[in-house]
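The structure appears below as structure tokens.
Start at 1 and go down the list; that is how both ligands and their atoms are numbered. The first residue in the sequence is number 1, and the count goes up from there.
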Amino acid sequence: MTTDRRPRVVPADAAGIAEAAALLRAGDIVAFPTETVYGLGGNALDPMAVARIYEAKGRPAHNPLIVHLPDAAAARCLAATWPEPAERLGRRWWPGPLTLVLPRAACVPDIVTAGGGTVALRVPAHPAAQALLRAAGVPLAAPSANRSGEVSPTTAAHVARGLAGRIPLVLDGGATDVGIESTVLDLSGPVPVLLRPGMISRAELEREIGPVEVPGRTRLHDEPRPSPGMLERHYAPRAPLHLLDAEQDAARLIRAVRARGGRVGAVTLGGPPPDADEVIPLPADADRYARGLYGALHRLDELGVALILAVAPPPDPRWDAVRDRLRRAAHPAP
Ligand code: TXA
Ligand code: MG
């Protein structure tokens, strides 16, 4: 597809689900809500459908996809082994915002895993995602429904704007609840490795299964196993984002942008806002901040600001996932 036409946005009701499921069974791709962010789904067992996902996103072929399933039993069918930690975590958090990386079963196409020996599996909790998985009757490979490298969508409108001309349909299930992507945990090696922090925290995982390694911070293994997608700049708004720590002089940055005729946006965190042109206040609570963050970044891009200032979150583990996304979104200051 080459037009700029917005995809059709339909409510995630019975008729919408049926239409989306029919497209998926026919090998097409469809955007749908999950509890974290909107996903762009295609039949994970159909390499042609999965190729369409990569093409629509402009995603590099070396970055594997998460496969979504209706329940843990279905997830287990796509893994070659099912270790005890997978069983425990699946019981505790599925359906929910947790993705487990496991050795892949033979039925999983190469294109889903980017040729690797592991597959990422997730059972989403959103009722529309559940209904769609059951109606389609196939596992859905689904990355976040944005162009590669851009901010993940938390509303159907974000998807329609970001993927205009590239997908036929968006199921609208309202704003997503968690607001940032799932926690990704690699269980394919001798020690569990946290590949992407999320609102299910490292501490919560460790309470369930014992020590969880974080790439680059501990040295239990010679070979780090980074998640391919985490190597690239990610989750970034169009405008440069600058993280403000407490003693940073925001006024100087703002003056520099205004001197060039630009406007400055800011995302605050409970406290008093910098003197920016567009200020979006977010709560000083990690869960509620995460819910609002991507919407704020999308909005500031829409408003055409030349710089986004974000107040850095406190150095508390509860903010790990938010800090990770802000760090990835940040560019060097102008
Ligand atoms: O919350 C979410 O996880 C959302 C919703 C739609 O489910 N999906 C999502 O997908 O964020 P995506 O493709 O944007 O991010 C998936 C992450 C990437 O960093 C990717 O590299 C990693 O998971 N990943 C996928 N398969 C992997 C594998 N076999 N081994 C290691 N990392 C993998
Ligand atoms: Mg993504």
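Against a heavy-atom cut-off of under 4.0 Å, Thr36 is close to the following atoms of ligand 1: 1 (O), 2 (C), 4 (C), 5 (C). Residue His68 approaches ligand 1 through these ligand atoms, each under 4.0 Å from one of its heavy atoms: 5 (C), 6 (C), 7 (O). Close contacts of ligand 1 with Ala120, meaning ligand atoms under 4.0 Å from a residue heavy atom, involve 25 (C), 26 (N), 27 (C), 29 (N). Proximity to Ile66 (heavy-atom distance under 4.0 Å) selects the following atoms of ligand 1: 3 (O), 8 (N), 9 (C), 10 (O), 16 (C).
On a distance-only criterion, Arg59 and ligand 1 share at least one N/O pair closer than 3.5 Å. Annotation: Arg196 places an N or O atom under 3.5 Å from an N or O atom of ligand 1; distance criterion only. In terms of polar-atom proximity, Thr34 is not counted as a contact of ligand 1, lacking any N or O under 3.5 Å from an N or O of the ligand.
In this pair, Tyr289 and Trp319 present their aromatic rings perpendicular. The plane angle is above 60°, beyond the 30 to 60° band.
Checked by atom type, the side-chain pair Ser152/Glu181 shows a donor-acceptor distance below 3.5 Å. Between Ser182 and Thr36, the side chains place no donor N or O within less than 3.5 Å of an acceptor N or O (distance only, hydrogens not considered). Side-chain contact, Arg122 with Thr34: a donor N or O sits under 3.5 Å from an acceptor N or O.
Contact annotation for Asn63 and ligand 1: only side-chain heavy atoms (C-beta onward) come within less than 4.0 Å of the ligand. Contact annotation: for Leu195 versus ligand 1, heavy atoms closer than 4.0 Å belong to the side chain alone. Looking at Arg104 against ligand 1, nothing comes within 4.0 Å, counting heavy atoms.
Of the candidates Pro103, Pro64, Ala31, Ser148, Pro64 brings a heavy atom nearest to atom 25 (C) of ligand 1.
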Open item on the list: As a quick check of understanding, evaluate salt bridge (Lys or Arg N to Asp or Glu O under 4.0 Å) for Arg166 and Glu55, giving each step before the final call.
Closed with: CA-CA 9 Å; Arg166 299 179 162 267; Glu55 195 192 335; over 6 Å; no
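With respect to Asp324 and Arg328, a salt bridge is recorded, a charged nitrogen being found less than 4.0 Å from a carboxylate O. Ion pairing of Asp316 with Arg323 is absent here, as no side-chain N (NZ or NE/NH1/NH2) approaches a carboxylate O to less than 4.0 Å.
Contacts of Arg161 classified as salt bridge (charged side-chain N to carboxylate O under 4.0 Å, His left out), with partners at least two apart in sequence or in another chain: Glu302.
With a cut-off of 2.8 Å, the Mg ion (ligand 2) has no N, O or S atom of Ser152 in range.
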